[in-house]
Amino acid sequence: RVPSSQIPSPRLASHTRATHKKTTQIMATRVNTLLPAPANPKYKFVHVGFTSPGGDAFNTDKDKHGFRYDAVPIANGFIAAGASCDLIQYEPDKHDEMKSKLNGYDGFFVRINPGQLSNPGVPAGAQAKFDGMMRDFVKAGKPVWSSPDVQTQMGAKDALTKMNHMDCGLPDTYAYYSPEELKEGFKKAAAFAPRVIKQNRGSAGEGIWLCWLDGKDYCANLGDVILEDSDKIKLMEMNDNHTEYHTVGEFIEFCVNGPGGAAGEWQSIFPGKYLEGGKEAGGQLVDQRLLPRISEGEVRMLMVKDALFQIIHKKPVEGGFSAVGGINIPTFFKPDAPEYADLKSKFIDHDIPLLMDALELGDQPLPLIWTGDFIPADGPDGSTVYIVGEFNCSCVGCSNFGAGCGPDKDLSDVSDENYLEGMRLTTLIGQKAIEAIEEIKALKALKT
């Protein structure tokens, strides 16, 4: 792979006077419907959505017109940047026809929530066929945001183990794919320091456990002590911050086979079995040192490709230990907030250029809209450093348009203030999409 430093700097459409004028007009004038495409669009993009069978209950991300609540402003952001952008809903029962139609576009912005193509009433195998189509487009040199492989590998919890050598990584981060690996690794790591055990599935804190020894001191060095099945541990699950007390053996059994039997009874409303299906099916656990300052909250960086758009500090509600799972009080900061200058420098300037290669995704572009969550930790000389906790690049929503979501809502229900701030985000998305295609073209030219 050619280093990014050798790729010629592209001349973006957003830098032209015409595009700047178009962007200014959209920002200044309220537009609640899809804009007409430019007469000579620089590139042709498509926003790919999906309407699930089952009505409103299976389409909670839609507006009254049947599109995602942020679909129109996202498409208008591409148009403001000098490209065209159509809105197309994928129809699984017309797959070949859809593929032929989509093949005419230069890039694809996929906005189908994980699991929607597996809902009741959707033709069997729809998700696999859709993913295969998107992989074909990637092989043809067309960007897909985000491709199935990027969503899987970047969103998987074991991405943290592939970053443990970076500025925002944590060296003692491990991944377990089998019961044997879990038993060996957890019994050693949990004897040394409090841990966070994270399942790969879910996004609201379910299957994320904080683990402390109960009635036993930690050893001085990693590996000095190996826990026994009978040793006791205290556990807190992050979806609702409830606490349970179990033995090491019961916890391992719950993680592998679920509650009951040798695992005993559990209060968790989720079934465990985190390794089910094996690595290929997403069965895995990540084991990371517990950072006690997580009680201060998490820092979310809202990214548009390689540009930081916004910083959100998520503080736990009073009495809560963690901000994971939506139980938090958000405070919003601009990208240049001095409180987070060091984190921005380390993550944006150092880690992001290395990220896709580290995740074995070096042939694909960064997601267009994605987030990274970071936990504060004590650094040298009383400083604060931030450790990455997870990434999300699967249908990250443009929350400023959230008031337009619902079976009787649309973009006209969004306040002017939120509309303008949201359009700042979507216009940047459009600009970065064009930038990404220019980079792909420049890289291809270097290789020929």
Side-chain angles (χ1 to χ4, degrees), residues 7-49 63 65-90 98-111 134 137 140-146 304-307 309 365-369 398 400-401 404 410-412 414 416 418-445:
I7 299 176
S9 177
R11 181 170 180 248
L12 303 183
S14 59
H15 290 173
T16 66
R17 286 192 181 93
T19 301
H20 178 73
K21 181 179 179 181
K22 184 76 171 178
T23 301
T24 303
Q25 289 174 341
I26 292 175
M27 294 295 290
T29 306
R30 178 77 183 240
V31 180
N32 292 328
T33 56
L34 186 66
L35 291 164
N40 296 293
K42 193 164 182 65
Y43 296 103
K44 294 173 61 179
F45 293 100
V46 59
H47 175 293
V48 184
D63 65 12
H65 306 293
F67 293 101
R68 262 188 68 98
Y69 68 92
D70 52 8
V72 168
I74 286 174
N76 285 345
F78 281 88
I79 293 167
S84 67
C85 187
D86 294 332
L87 301 178
I88 291 181
Q89 298 294 88
Y90 176 65
M98 297 294 302
K99 185 172 184 177
S100 177
K101 184 175 184 179
L102 291 171
N103 194 49
Y105 292 92
D106 301 308
F108 310 87
F109 195 59
V110 178
R111 301 292 276 176
M134 290 299 139
F137 290 144
K142 297 182 177 185
V144 175
W145 294 288
S146 290
V304 178
K305 190 174 173 280
D306 55 357
F309 181 80
L366 283 162
L368 274 183
I369 179 169
C398 301
N400 289 99
F401 303 113
D410 65 7
L411 193 56
S412 64
V414 176
D416 289 342
N418 279 331
Y419 173 86
L420 290 173
E421 180 66 9
M423 285 306 303
R424 265 202 333 114
L425 172 60
T426 60
T427 301
L428 180 59
I429 290 172
Q431 292 169 355
K432 286 294 182 177
I434 291 175
E435 178 182 272
I437 287 192
E438 297 286 1
E439 289 173 350
I440 291 169
K441 290 174 62 177
L443 182 58
K444 185 177 181 180

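The shown structure was predicted, so the numbers you read here are calculated from the model rather than taken from an experiment. Throughout, residue positions are numbered sequentially from 1 according to the sequence presented.
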Quick one: does Lys142's side chain have a donor or acceptor within less than 3.5 Å of a partner on Asn103's backbone? yes
Within the distance-only criterion (no hydrogens, no angle test), does the side chain of Asp86 pair as donor or acceptor with the backbone N or O of Val46 below 3.5 angstrom? no
Do the non-hydrogen side-chain atoms of Leu411 and Asp63 ever get within less than 4.5 Å of each other? no
4.5 Å side-chain heavy-atom contact, Lys42 and Ile437: no
Any heavy-atom pair between the side chains of His65 and Val72 that's under 4.5 Å? no
For the residue pair Phe401 and Arg68, establish whether any side-chain heavy-atom pair is separated by less than 4.5 Å. no
Using 30° and 60° as the class limits, which term best fits the ring planes of Phe137 and Phe108: parallel, tilted or perpendicular? parallel
Counting C-beta onward and ignoring hydrogens, is there a side-chain heavy-atom pair between Lys432 and Ile369 closer than 4.5 Å? no
Are Val110 and Val144 packed together at the side-chain level, in the sense that at least one heavy-atom pair is separated by less than 4.5 angstrom? yes
Just by modelled atom types, is the Glu421 backbone N or O under 3.5 Å from a matching donor or acceptor in the Asn400 side chain? no
With a 4.5 Å heavy-atom cut-off, do Tyr105 and Ile88 have their side chains touching? yes
Can you find a pair of side-chain heavy atoms, one from Phe67 and one from Asp410, that are under 4.5 Å apart? no
Side chain Asn76, main chain Thr33, donor-acceptor under 3.5 Å: yes
Thr426 side-chain N/O to Pro73 backbone N/O, donor-acceptor pair under 3.5 Å: yes
